[in-house]
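First comes the structure, then the notes that go with it.
Chain A is the first sequence line, chain B the second, and so forth, proteins listed ahead of strands; every chain is numbered from 1. Only heavy atoms go into these numbers, but all of them, side chains included; no hydrogens, no water, no symmetry mates.
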Amino acid sequence: MDFSYSPQEEGFRADLRAWLADALPSGWGETVFEPEDEDERAMFRLAWEKKLHAGGWSGINWPVEYGGRGATLVERAIFAEEMARVGAPEGLNIIGHNLAGSTILRHGTEAQKQYFLPRILSSDDVWCQGFSEPNAGSDLASVRTRAERRGDRFIVNGQKIWTSFAQYSQWCFALVRTDPDAPKHKGLSFLLIDMKSPGVSIRPLRQISGECEFNETFFDDVEVPVANIVGDINDGWRIAMTTLAYERGPEDALGRQIRFSQELDKLIGTVAATPRGDAMLIDDPIVRQKLARAVTQVEVMRLNAVRTFSKYLNGDDRGPDASVIKLYWSHAAQNMYEAAMDILGPTAPIAAPDPLSAGGGRFQLSYLQSKAFTIYSGSSEIQRNIIGERMLGLPR
Amino acid sequence: MDFSYSPQEEGFRADLRAWLADALPSGWGETVFEPEDEDERAMFRLAWEKKLHAGGWSGINWPVEYGGRGATLVERAIFAEEMARVGAPEGLNIIGHNLAGSTILRHGTEAQKQYFLPRILSSDDVWCQGFSEPNAGSDLASVRTRAERRGDRFIVNGQKIWTSFAQYSQWCFALVRTDPDAPKHKGLSFLLIDMKSPGVSIRPLRQISGECEFNETFFDDVEVPVANIVGDINDGWRIAMTTLAYERGPEDALGRQIRFSQELDKLIGTVAATPRGDAMLIDDPIVRQKLARAVTQVEVMRLNAVRTFSKYLNGDDRGPDASVIKLYWSHAAQNMYEAAMDILGPTAPIAAPDPLSAGGGRFQLSYLQSKAFTIYSGSSEIQRNIIGERMLGLPR
Amino acid sequence: MNFGFNEEQKSLGETVAALLADFPALTGPDPAQARDPAVWRALADLGLFALLVPEAQGGVGLTLVDVALAIEALGAGLAPPIAASTLIATDIIAREGTAAQRETLLPRIATGDVRIALAVMEDGQGYDPAQVRTMMGGNGVTGVKILVPDADIADMILVVARVDDRVGLVMLSRDARGVAIRHHADIDPSSGLCEVTLNGAAVMDGALIGHAGSGDVISRLMDAAAIVYAGMAMGIAARMLDASVDYAKTRVQFGQPIGAFQSIKHRCADMAVAVEAGRSAAYYAFWTAAENDPDRSRAASMAKAYCGEIARDVCNETVQIHGGMGFTWELGLHRFLRRAKVMEHGFGNHVWHYERIMAQTLAARAVVADARAA
Amino acid sequence: MNFGFNEEQKSLGETVAALLADFPALTGPDPAQARDPAVWRALADLGLFALLVPEAQGGVGLTLVDVALAIEALGAGLAPPIAASTLIATDIIAREGTAAQRETLLPRIATGDVRIALAVMEDGQGYDPAQVRTMMGGNGVTGVKILVPDADIADMILVVARVDDRVGLVMLSRDARGVAIRHHADIDPSSGLCEVTLNGAAVMDGALIGHAGSGDVISRLMDAAAIVYAGMAMGIAARMLDASVDYAKTRVQFGQPIGAFQSIKHRCADMAVAVEAGRSAAYYAFWTAAENDPDRSRAASMAKAYCGEIARDVCNETVQIHGGMGFTWELGLHRFLRRAKVMEHGFGNHVWHYERIMAQTLAARAVVADARAA
């Protein structure tokens with residue numbers, strides 16, 4: 001066990017730190033922030049992703065031949081740390097990088113890799129995910145969106161839901177039914193669908209926080225070239241499981257952990273600066289217990305991710321440990337935001353832009369958003385089934 | 001809604017209070033306590049029960065014709081309160097009074113009532129419960145102990161487990177299989193078995209706390225007169241459900257609540273008298289939060305029981321509310337003892353008779369005992385099934 | 001002794017619930033659309049605000065326990081908070097007001113012509129009304145009150161303020177000189193939370209409520225408010241439980257209703273137990289307030305702390321049980337979550353009330369000990 | 001950077017686990033039968049106590065992270081606490097001892113000839129070692145230490161005491177004049193908890209450990225002990241998880257193994273997540289102790305607080321999952337519950353450590369703020 005860094009790794013860190021100092025707007029995080037408007041913010045994030053790509057910092061762990069720089073897992077962790085240190089913006093094309101790219105790298109044809117991967121890295125193609133349907137939530141294998149083969153085309157009809165950022169996406173990877181007569185896990189295929197295809201339409205779906213990150217996406221006689229299937233026909237379930245392992249895995253968790261850690265730091269700073277009677281709120285022993293518990297759980301999120309990274313580094317396969325990671329971070333983060341709303345006391349409900357909102361009103365929005373954490377990317381109930389059955393070997 | 005008492009009820013209280021002042025040993029609860037030894041304690045409790053009976057305070061809510069005094073539910077609650085106020089000893093024949101008696105009253109023949117009920121009230125007959133078996137725990141209906149009819153006798157063979165106080169019992173009510181070919185709920189009967197019958201043997205079963213409250217009871221060709229069946233042959237499941245409703249119901253909960261309430265009061269007294277650095281432990285705001293939560297939950301236990309009493313008083317039938325009551329008190333009590341072990345700090349593990357044990361070392365034993373609360377009388381998992389299915393109407 | 005409600009009490013609850021159901025926007029997805037002023041008039045026409053007014057002042061002369069189920073219905077229906085605030089103020093005026101205050105205010109309250117907002121909290125002072133810095137002086141009331149529900153639509157504002165070195169209650173007209181109102185930005189716009197700035201605000205004649213009395217007026221206010229909020233929290237919790245159970249019966253995944261899965265079934269069962277437990281605490285507290293029982297403050301704090309936690313937990317679980325639908329805007333579960341969160345922090349959160357329970361418990365123990373020693 | 005253990009580290013853990021399994025009474029139902037003195041000798045013969053001794057003193061020269069899995073095995077196997085105490089003391093002597101202390105003590109520790117008990121707590125003073133009143137004066141050490149595991153079978157006792165206005169560490173021989181030992185009555189007799197009364201207890205030459213050093217000796221002791229206890233807690237938790245899963249696979253009710261029911265399956269899953277999370281916290285803390293990383297105290301407190309809570313929860317759940325069998329004496333699950341409860345209160349419980357985490361976190365923030373300001 002060794003948490004120290006080699007000279008090469010420290011060099012990587014120094015390069016990145018120097019680049020970031022140049023690339024971020026002056027006053028970033030202090031006087032300069034992301035736009036408030038959802039659409040403007042999306043475009044800001046896209047621009048930042050393109051800047052990262054131009055600087056050579058996009059998809060750093062991908063093979064050099066597909067535009068990556070073959071970075072090690074450790075460099076990837078350093079990258080995450082440094083992005084956190086400066087509070088860098090999030091990206092818009094997270095699904096492209098983490099899910100579409102990773103899945104195509106693992107299961108795609110050479111032609112698919114050559115075409116799609118560089119365009120993902122450059123964020124010329126933003127991606128969304130077409131898995132869930134209104135009647136296929138936890139029971140994902142019961143998807144009904146159909147793809148019928150006609151010559152060199154699939155004709156896709158159906159409806160997907162929770163397609164995050166579909167409104168900004170050029171491409172969608174979707175799980176579709178190609179054999180309605182087969183058992184439900186055996187008749188699915190994994191298609192890459194151009195969002196500009198005729199017959200694709202989207203409808204925004206507002207979420208609990210009032211934001212419209214999600215959409216319903218409708219496919220009405222959409223033509224998809226057969227070349228855009230990943231893996232074999234009717235082998236889509238296996239491919240989708242790979243995608244989900246990435247969605248729930250340590251790369252995703254580490255990125256999230258950094259944001260949670262920043263918010264927690266902001267919370268502690270806010271509490272330390274909040275008067276309560278003759279003292280400060282931070283002096284309240286009950287508040288301190290709650291904060292310390294959040295500090296611990298957010299740190300454990302990081303350690304869980306790094307520990308799983310290390311397993312991969314040491315040659316282990318990706319397995320149900322992704323469910324462990326996802327189940328942990330989702331509940332720990334919910335606990336943290338629930339604790340934040342507790343700790344902030346009477347003014348907890350006051351949100352931005354009210355001058356009385358604690359910590360600039362960021363916790364209220366995050367609190368509402370956090371309610372989705374234990375539902376999307378596979379609900380906690382599904383993760384517990386996976387852990388119970390695949391990791392612990394309990395009977396179905 | 002009215003929590004005040006009528007003059008008659010206050011008169012009942014005054015009579016009882018006067019009787020108790022005479023009946024309890026002088027110095028009771030201050031210098032005089034129950035014996036430490038398990039067997040001696042059992043005999044002490046039996047003697048107390050007989051004294052209550054001699055004073056006319058046994059089974060007060062039973063009909064006068066069977067030796068009760070036809071007390072109202074409210075008088076019964078007053079009885080519980082007054083017993084609590086003086087910290088009266090528990091009884092030994094609780095199963096007889098609460099379960100055997102209530103079941104026989106509801107479903108027994110007139111002959112059974114005439115014979116058994118007075119002997120229960122006088123505690124000449126102490127009872128134990130023969131329901132669970134090694135392979136029939138949560139799945140109670142799968143009991144295998146067999147009773148074969150031969151003429152005017154059943155011949156009983158099998159093994160029961162968790163038969164509390166079997167070593168002190170004259171009688172056992174048991175759920176036995178009388179039709180091995182019927183569906184499992186349909187082939188059971190409810191028998192009253194004389195523990196002095198040839199072929200009955202018991203083996204003590206030590207529990208987590210080191211005590212031997214429980215036993216395994218073996219039946220080896222035990223003869224039981226057919227007159228000792230309660231209800232019809234193969235109708236035992238329905239009878240047993242009545243017994244369980246009493247076991248989990250408000251009468252039982254109210255008695256327990258009083259003991260928990262006394263222990264909590266003792267805990268608060270102990271914490272108030274415990275120095276911690278320059279102050280007292282009771283001044284610690286974190287300790288106060290935990291205590292207040294326990295105060296609330298123990299009070300809610302009482303209110304739940306009284307509220308359900310009132311439902312019965314107002315004409316409602318006994319239903320799955322018994323499971324609500326049992327699920328609540330068992331977890332609330334566990335929480336309280338876990339909190340006690342938390343609050344008592346470094347010396348929490350020190351038990352009686354160590355002079356350093358907090359509060360006389362009573363919390364350590366209760367803490368260990370409390371682990372059984374959510375398992376016996378139907379595990380929490382079973383109570384949740386009952387509530388989910390019978391009260392909320394969720395599908396099986 | 002009887003812990004049941006009578007038929008009139010039950011019927012009152014059902015009537016209020018039915019009335020609120022006629023205003024679907026109240027529980028619709030958009031909190032900004034949920035402040036229909038017609039709701040107040042409808043509740044007034046029903047006679048809700050006459051219930052706690054003594055018969056001598058033209059009311060029905062009921063107590064808080066009589067309206068417990070009606071208050072639960074106000075919670076479940078996400079009624080405008082001014083309804084609850086006015087009921088709480090009515091209880092205070094009826095019990096602690098001078099004869100003149102009773103004669104002046106109560107008849108108008110009974111007819112629904114006076115809406116009263118409650119202004120307790122101030123920035124940086126936590127939950128404790130003893131800590132307020134707002135001061136009533138010779139030239140009026142000065143200070144800044146925050147988190148006042150529905151202040152903007154109130155006719156009067158009952159303000160906790162320092163008066164002659166004591167903390168007291170002052171009634172102001174919302175239109176009085178020196179009263180400025182600003183809407184908060186907050187997670188539940190339907191609660192109408194406002195900041196009320198008082199700059200030498202003009203007071204009405206006889207504006208001090210209960211100041212010459214037992215000194216109990218502030219604790220009565222906090223207790224009554226805590227109990228009413230606890231009742232409304234249970235209304236929310238019970239409604240969310242029902243929504244969860246209904247959804248669990250109809251939503252099919254893996255070939256069966258999800259309510260057949262123990263992970264859902266057992267969670268519903270735990271919620272049902274929590275709802276029953278919270279109701280036990282709340283109903284008992286209503287009774288102590290009606291009788292002004294010595295256990296009133298402890299019971300009120302138990303109810304507020306415990307029911308607030310239960311409502312929060314049940315709202316969270318309900319979102320989870322509804323899966324993806326649960327976190328949509330359109331289904332509107334977030335409305336209950338938001339309202340419950342606002343109510344959790346109104347009139348003392350669970351930490352403040354648990355501390356108060358402990359103080360009450362220790363004080364009661366001391367009384368018993370003194371009695372034994374004497 | 002690598003968060004994995006190497007083969008030697010893993011093998012060490014397996015070897016210790018296998019050795020302890022040869023002493024079934026250690027985890028048998030009766031805690032009074034679980035103090036076989038042969039266990040110590042077997043562990044010593046295995047070389048366990050040489051591992052942390054530097055090579056110069058005849059040891060293997062490993063660090064705490066190297067023995068993390070061995071310590072987890074000590075926890076899982078309910079090894080006598082003197083084994084852990086001696087390892088903790090070894091770490092302190094090797095790092096903070098004078099050359100003379102190292103030369104005198106470490107070679108004898110390496111061979112298993114010195115068992116060392118740790119005496120920190122005193123009655124009425126909570127968990128904080130800064131609060132001790134035991135005093136080393138001209139005529140020896142005087143004070144009463146409580147809850148000292150295995151003091152009765154120790155050769156030496158490392159005592160936290162006031163020395164020259166500072167809190168320091170003093171090594172005493174258990175047989176020294178003025179040392180009296182009494183067994184506590186407690187919930188885990190297998191922990192050998194003792195009260196140690198020191199009445200002018202004679203000290204050895206050079207008995208003060210680390211007193212001339214960095215002043216860090218007490219926090220190093222608390223950190224090392226917290227980390228070792230966290231590791232042992234995870235050993236218990238992991239073993240209980242395994243027991244639950246095994247039982248859930250074999251116990252049949254309602255015609256299927258109970259592990260097929262979501263109420264059991266999901267609880268096992270949650271326990272598995274907790275065990276992984278606790279291990280992440282514990283292993284990281286072991287590493288910070290090995291490297292004397294600046295994050296050491298925070299990491300140690302996080303591990304002790306969190307792993308203690310996890311072990312407690314997992315023990316409770318395991319009893320529940322085993323149903324009636326779970327609360328029998330014979331199955332022996334209570335042994336783990338009892339040991340976990342004793343360890344929870346050793347070297348600071350979760351409340352004390354959460355408070356310490358907060359103090360460390362705020363101190364680290366202040367350093368960052370200062371650095372930014374500079």
Of all heavy-atom pairs between [X] and [Y], which one has the smallest distance, and what is that distance?
X      : Y      : result
A:N314 : D:G4   : ND2-CA, 3.9 Å
D:A281 : A:L303 : CA-CD1, 4.1 Å
A:R396 : D:A260 : O-CB, 3.7 Å
A:N304 : D:A277 : OD1-CA, 3.6 Å

With only heavy atoms counted, which part of [X] is less than 4.5 Å from chain A, the side chain, the backbone, both or neither?
X      : result
D:Q9   : side chain
D:R267 : neither
D:A274 : neither
D:V273 : both

Side-chain contact, heavy-atom cut-off 4.5 Å: [X] with [Y]?
X      : Y      : result
D:Q262 : A:R384 : no
D:E291 : A:D2   : no
A:L327 : D:D270 : yes
A:I268 : D:M358 : yes
A:R288 : D:L362 : yes
A:T296 : D:Y354 : yes

Q. Under 3.5 Å, side chain of D:K249 to main-chain N/O of A:L392, donor-acceptor pair present?
A. yes
Q. Hey, does the side chain of A:Q289 reach the backbone of D:V351 with a donor-acceptor pair shorter than 3.5 angstrom?
A. yes
Q. When only pairs under 4.5 Å are counted, which of D:H350, D:R365, D:E276 shares the most heavy-atom pairs with chain A?
A. D:R365
Using a cut-off of under 4.5 Å for heavy-atom pairs, which of [options] has the most such pairs with chain D?
options                      : value
A:K290, A:H331, A:Q297, A:E9 : A:Q297
A:G269, A:S323, A:S6         : A:G269
A:T308, A:V295, A:L313       : A:V295
A:V74, A:D321, A:I78, A:I325 : A:V74

Q.
Return the CD to SG distance between A:E389 and D:C268, rounded to the nearest 0.5 Å.
A. 12.0 Å
Q: Quick one: pull up CD in A:E299 and CD1 in D:I357 and give me the separation to the nearest 0.5 Å.
A: 10.0 Å
Q) A:A77 versus chain D, heavy atoms under 4.5 Å apart: side chain, backbone, both or neither? A) side chain
Q) Is it the backbone or the side chain of A:M391 that comes under 4.5 Å from a heavy atom of chain D, or both, or neither? A) side chain
Q | Worked verdict on D:E309 versus A:R293 for side chain to side chain contact (heavy atoms under 4.5 Å, CB included) | A | CA-CA 11 Å; D:E309 290 184 311; A:R293 207 175 286 264; 2.6 Å; yes
Q | A:R302 to D:Y284 six-membered ring, cation-pi geometry met (6.0 Å, 45°) | A | yes
**Q.** Residue that, paired with A:F3, satisfies ring-ring contact (aromatic ring centres under 6.0 Å, His included) out of D:F286, D:W287, D:Y283
**A.** D:W287
Q: Give a yes or no on whether a salt bridge exists between A:E381 and D:K265, defined as a side-chain N under 4.0 angstrom from a carboxylate O.
A: no
